Amino acid sequence: MLKRASGFVIFRQIKDSIEYLLLQTSYGNHHWTPPKGHIDGEESAYEAALRETEEEAGFVEDDLKIIDNANIEIQYNVNGVPKIVTYFLAELINPNQSVRMSNEHQAYKWLRFQEACNLAEYAEMQNVLKHFNEYIDKNIKKK
C-alpha cells in the first residue's frame, strides 16, 4: 500500500545567509529531516504539513511565510513499501524564534545548504534541498 506524507522545508535568513531547519529523529537510525509526517484521513498534503510542522517544530502557519508554487514531490521505498512525500517551502518570519521539538526528535540544527545536504544523508532529501536552495537563490534571497 502506498504511503503519503508531507512537510515543510523551513529556512531563515540571517544577514546574507540562508539556513535550513533539520530535526534528528529519536527513532531508527536517527536521520535528519525537515518536519514532516503521514497524511491523516481526508487531510490535504498542505494541511498535514502544517499540522506536522506545529507538532514537530512548534511553528504555526502565522510563524511562516509560505512560498506559493514552490512545492516538490519525491518518491522512495520504506521497507519495500512505496512512499510519496510532498514538501512545501516556508520562510520563518522571525529568524530568532525558538524551535519546540516533539518527542519524535532528539535534536535540531539550523544549517547552511551544504551542511544540511551533508547531514541529510539520503539523496532524495539532498535533491529536495538543492531544488529549494536554487529557488531561494533565484527568487527570494536578499542580495
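Along the sequence shown, the residues carry numbers beginning at 1. A quick note: this is a predicted structure, and the numbers were derived from the prediction, not measured.
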Participant: In this structure, would Ile140 and Ile66 fall into the same cluster of hydrophobic residues linked by side-chain contacts under 4.5 Å?
Facilitator: no
Participant: Would you please classify the geometry between the His31 ring and the Tyr122 ring as parallel, tilted or perpendicular, with 30° and 60° separating the classes?
Facilitator: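 Tyr122 vs His31 ring planes: perpendicular.
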Participant: Between Ile18 and Ile136, is there a side-chain heavy-atom distance shorter than 4.5 Å?
Facilitator: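 Ile136 reaches Ile18 side chain to side chain.
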Participant: Kindly work out whether a path of hydrophobic side-chain contacts (I/L/V/M/F/W/Y, heavy atoms less than 4.5 Å apart) joins Leu89 to Leu64.
Facilitator: no
Participant: If you link ILVMFWY side chains whenever their heavy atoms are less than 4.5 Å apart, which other residues fall into the same cluster as Leu111? By chain and number, please.
Facilitator: Leu22, Trp32, Leu119
Participant: Following the transitive rule for hydrophobic clusters with a side-chain heavy-atom cut-off under 4.5 Å over Ile, Leu, Val, Met, Phe, Trp and Tyr, establish whether Phe113 and Leu92 coincide in one cluster.
Facilitator: no
Participant: Walk me through whether Glu134 and Lys138 qualify under salt bridge (Lys or Arg N to Asp or Glu O under 4.0 Å).
Facilitator: CA-CA 6 Å; Glu134 288 172 357; Lys138 192 180 211 180; over 6 Å; no
Participant: Are Phe11 and Val85 grouped together when hydrophobic residues (ILVMFWY) are joined by side-chain heavy atoms under 4.5 angstrom apart?
Facilitator: yes
Participant: Just wondering, are more than 12 heavy atoms of other shown residues or ligands nearer than 6.0 Å to CG in Asn79?
Facilitator: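 Atom CG in Asn79 is not crowded, with 12 or fewer foreign heavy atoms closer than 6.0 Å.
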Participant: With under 30° as parallel and over 60° as perpendicular, where do the rings of Phe8 and Phe88 fit, or are they tilted in between?
Facilitator: tilted
Participant: Going by heavy atoms in the side chains, are Arg112 and Ser17 under 4.5 Å from each other?
Facilitator: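 Side chain of Arg112 against side chain of Ser17, heavy atoms only: contact under 4.5 Å found.
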Participant: For the residue pair Asn71 and Tyr46, confirm or rule out a side-chain donor-acceptor distance under 3.5 Å.
Facilitator: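 There is no such pair between these side chains.
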Participant: Between Cys117 and Met125, is any pair of side-chain heavy atoms under 4.5 Å apart?
Facilitator: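 Not in contact.
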Participant: Using a strict 4.0 Å threshold on nitrogen-to-oxygen distance, state whether Glu55 and Arg51 make a salt bridge.
Facilitator: yes
Participant: Output, in order, the C-alpha distance, side-chain angles, deciding distance and verdict of side-chain contact (heavy atoms from CB on, under 4.5 Å) for Glu56 and Met101.
Facilitator: CA-CA 5 Å; Glu56 296 184 358; Met101 290 186 307; over 6 Å; no
Participant: Surrounding NZ of Lys109 (heavy atoms of other residues, nucleotides or ligands, distance under 6.0 Å), is the total greater than 12?
Facilitator: no
Participant: Are any of the side-chain heavy atoms of His30 and Gln106 separated by less than 4.5 Å?
Facilitator: yes
Participant: Where is the tightest heavy-atom contact between His38 and Glu43, given as atom of each residue plus distance?
Facilitator: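 The answer is O-OE1, 4.3 Å.
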Participant: Only counting residues at least two apart or in another chain, list the ones meeting ring-ring contact (aromatic ring centres under 6.0 Å, His included) with Phe132.
Facilitator: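 Residues passing ring-ring contact (aromatic ring centres under 6.0 Å, His included) with Phe132: none at all.
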Participant: Quick one: does Val9's side chain get under 4.5 Å of Val128's, heavy atoms only?
Facilitator: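 When only atoms from C-beta onward are counted, Val128 and Val9 do touch, with a gap below 4.5 Å.
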Participant: Apply side-chain contact (heavy atoms from CB on, under 4.5 Å) to Ile84 and Glu73, showing your working.
Facilitator: CA-CA 7 Å; Ile84 295 176; Glu73 191 172 271; 3.3 Å; yes
Participant: Between His105 and Gln24, is any pair of side-chain heavy atoms under 4.5 Å apart?
Facilitator: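 Not touching, per the 4.5 Å side-chain cut-off.
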Participant: List in chain and number order the residues that pass salt bridge (Lys or Arg N to Asp or Glu O under 4.0 Å) with Arg12, two or more places apart in sequence or in another chain; answer none if no residue qualifies.
Facilitator: Glu19
Participant: More than 12 heavy atoms of other residues, nucleotides or ligands under 6.0 Å from CG of Asn94: is that the case?
Facilitator: yes
Participant: Please tell me if the side chains of Pro35 and Ile10 come closer than 4.5 Å, counting only heavy atoms from C-beta onward.
Facilitator: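 Yes - at least one pair of side-chain heavy atoms lies under 4.5 Å apart.
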Participant: Decide yes or no for Leu21 and Val99: does some side-chain heavy atom of the first lie under 4.5 Å from some side-chain heavy atom of the second?
Facilitator: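 Contact flag for Leu21/Val99 side chains = yes.
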